[in-house]
Visitor: 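Structure below; questions to follow.
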2 protein chains.
Amino acid sequence: MDVEQRISNLLKLGKLRSTSVRKLVLKEFLEAGTTAISSYEIEKKFEDLDRITLYRTLKTFEEVGIIHQAVDVSGRSKYAICSEDCSTHQHEDHHAHFYCKKCEKTVCLDNVKIPRPNLPADFQLEDSQLVLSGVCGACR
Amino acid sequence: MDVEQRISNLLKLGKLRSTSVRKLVLKEFLEAGTTAISSYEIEKKFEDLDRITLYRTLKTFEEVGIIHQAVDVSGRSKYAICSEDCSTHQHEDHHAHFYCKKCEKTVCLDNVKIPRPNLPADFQLEDSQLVLSGVCGACR
DNA sequence: TTTGCAAATGCAACATTGTTACACTTTACA
DNA sequence: TGTAAAGTGTAACAATGTTGCATTTGCAAA
Ligand SMILES: [Mn+2]
Ligand SMILES: [Mn+2]
Ligand SMILES: [Zn+2]
Ligand SMILES: [Zn+2]
């Protein structure tokens, strides 16, 4: 299936209207693959793309399960395309993320599952994120 | 040992000059205990405390191993007092942090160690953070 | 105890990140 | 094809953080 077709499908699945901004942004995520990208990176790449619309687009994509957020040590939030299993208000990306201190890229480690920790009894666990950092293979 | 004495000791250990801002801020962290606090919270509590000096103070405390950063799902960084084992440029707080979605507090779970994940061979792991979220005991 | 100087502070200026309100435009579908 | 809801662009604002620079302060040597 070609990219345009995938974009169209994903938007339909999320019950989202097909607009030029959404198609543009979604294409970026599909091309980025397991690399998580920040609002800033997209903004710089497309100079005439409105910043506010972009924030809203990311938020919308996240809500409907098209992209998921990766907590970043640097503080800025980054997003990556979701696995097939994600849907509206139900994310299933329970994998770790790796932040490279050299190239500053964040990548999804789809095969590194987050272990379920033993919490004190009175805590009700809903989400967990495992944020790893160091130097990535490409940078060594 | 009383608080003033502990403050004085910690600053000496970090080879830091004893200034009014540092004593004030450090007192906050000692009182907060395992609760991580944000720059904003301190700023609001002490209206005439200079924002920039506060940021620099937090950075310095972190560098010398007095406080450690807790990655927060909300994006803003929070800090908590370090365990005894931390020293300049060498943090030893390898514990998870819990963010309560109701009270928005972040607490150190000193007893929840971060499991060492199995990474692809070419990744060089240096740090790891386990960020848990849900509802804390007090809020249930 | 005084004094010199490095360290720390306070202020200005700036950048990034994000949110809300509101008028305008576009999309989807009846 | 017309319409209503959804989406966009602009402005305004708030939070978060950094750097440069002049002034003040802590501290140790004299
Ligand atoms: Mn991911
Ligand atoms: Mn902690
Ligand atoms: Zn790298
Ligand atoms: Zn709570």
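Every chain is numbered from 1, with letters handed out A, B, ... down the list of sequences.
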Visitor: From C-beta outward on B:Tyr40, which listed nucleotide comes closest to its side chain: C:dG10, D:dA15, D:dT8?
Guide: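 My answer, after comparing the listed nucleotides, is D:dA15.
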Visitor: Looking at A:Lys59, does any N or O in its side chain come under 4.0 Å of the phosphate oxygens OP1/OP2 on C:dT19?
Guide: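 A:Lys59 to C:dT19 OP1/OP2: side-chain N or O found under 4.0 Å.
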Visitor: Nearest-Å distance, CG (A:Asp72) to P (C:dT17)?
Guide: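 Value for this atom pair: 11 Å.
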Visitor: Rounded to whole Å, how long is the line connecting atom NZ of B:Lys78 with atom C1' of D:dA15?
Guide: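 Rounded to the whole Å, the gap is 14 Å.
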Visitor: Do NZ/NE/NH1/NH2 and the carboxylate oxygens of A:Lys45 and A:Glu41 come within less than 4.0 Å?
Guide: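 No, A:Lys45 and A:Glu41 are not salt-bridged.
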Visitor: Tell me: CG of A:Leu58 to C1' of C:dT17, nearest whole Å?
Guide: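 Answer to the nearest Å: 12 Å.
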Visitor: Are A:Ser77 and C:dG18 close enough that a side-chain N or O sits under 4.0 Å from OP1 or OP2?
Guide: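 So the side chain of A:Ser77 is within the cut-off, an N or O lying under 4.0 Å from OP1 or OP2 of C:dG18.
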Visitor: Testing the basics here: between B:Tyr79 and B:Glu62, what is the closest heavy-atom pair and its distance to 0.1 Å?
Guide: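 Looking at all heavy atoms of both residues, the shortest contact is CE2-CG, 3.9 Å.
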Visitor: Look up atom CZ in A:Phe98 and atom CG in B:Leu119, then write down how far apart they are to the nearest 0.5 Å.
Guide: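 Those atoms lie 6.5 Å apart.
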Visitor: Measure from NZ on B:Lys15 to P on D:dC27 and round the result to the nearest Å.
Guide: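 In whole Å, D:dC27 P and B:Lys15 NZ are 14 Å from each other.
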Visitor: Relative to each other, are the rings of B:His68 and B:His97 parallel, tilted or perpendicular (30° and 60° limits)?
Guide: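 Taking B:His97 first and then B:His68, their aromatic rings lie parallel (interplane angle under 30°).
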Visitor: More 5' along DNA chain C: A:Glu43 or A:Arg56, using each one's nearest nucleotide?
Guide: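 Its nearest nucleotide being more 5', the pick is A:Glu43.
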Visitor: Which whole-number value in Å describes the distance from A:Asp50 CG to C:dT19 P?
Guide: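 Answer to the nearest Å: 14 Å.
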Visitor: Give the nucleotide from the list D:dG17, D:dA15, D:dT10 with an atom nearest to the side chain of A:Ile52.
Guide: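 The answer is D:dT10, which lies nearest to the side chain.
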Visitor: In terms of side-chain heavy atoms of A:Arg17, which of D:dA6, C:dT17, C:dA7 is nearest?
Guide: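 So the side chain of A:Arg17 is nearest to D:dA6.
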Visitor: Let me know the distance between CZ of A:Arg22 and C1' of D:dG7, rounded to the nearest Å.
Guide: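 Between C1' of D:dG7 and CZ of A:Arg22: 6 Å.
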Visitor: At under 4.0 Å between heavy atoms, what does A:Thr60 touch on the DNA or RNA strands: base, sugar-phosphate, or nothing?
Guide: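 Nothing, no heavy atom under 4.0 Å.
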Visitor: Could you work out which one of D:dG9, C:dG10, C:dA28 sits closest to the side chain of B:Thr53?
Guide: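 The closest nucleotide is C:dG10.
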Visitor: Given salt bridge (Lys or Arg N to Asp or Glu O under 4.0 Å), test B:Glu31 with B:Lys27 step by step and report yes or no.
Guide: CA-CA 6 Å; B:Glu31 282 169 2; B:Lys27 189 153 182 261; 3.6 Å; yes
Visitor: Which comes earlier along DNA chain D counting from the 5' end, the contact point of A:Asp48 or that of B:Tyr55, where each point is its nearest nucleotide?
Guide: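 The residue closer to the strand's 5' end, by nearest nucleotide, is A:Asp48.
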Visitor: Expressed in angstrom and rounded to an integer, what is the separation of A:Gln69 atom CD from C:dT17 atom C1'?
Guide: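 Going from CD in A:Gln69 over to C1' in C:dT17 covers 12 Å.
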Visitor: Return whichever of B:Arg51 or B:Leu16 has its heavy-atom-nearest nucleotide of DNA chain C closer to the 5' end.
Guide: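 Per heavy-atom nearest nucleotide, the more 5' residue is B:Leu16.
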Visitor: Is the shortest side-chain N/O distance from B:Ser38 to OP1 or OP2 of D:dT16 below 4.0 Å?
Guide: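 Answer no for this pair, as no side-chain N or O of B:Ser38 is under 4.0 Å from OP1 or OP2.
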Visitor: Can you tell me the distance, in whole Å, between the CG atom of A:Leu54 and the P atom of C:dT16?
Guide: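 Roughly 14 Å, once rounded to whole Å.
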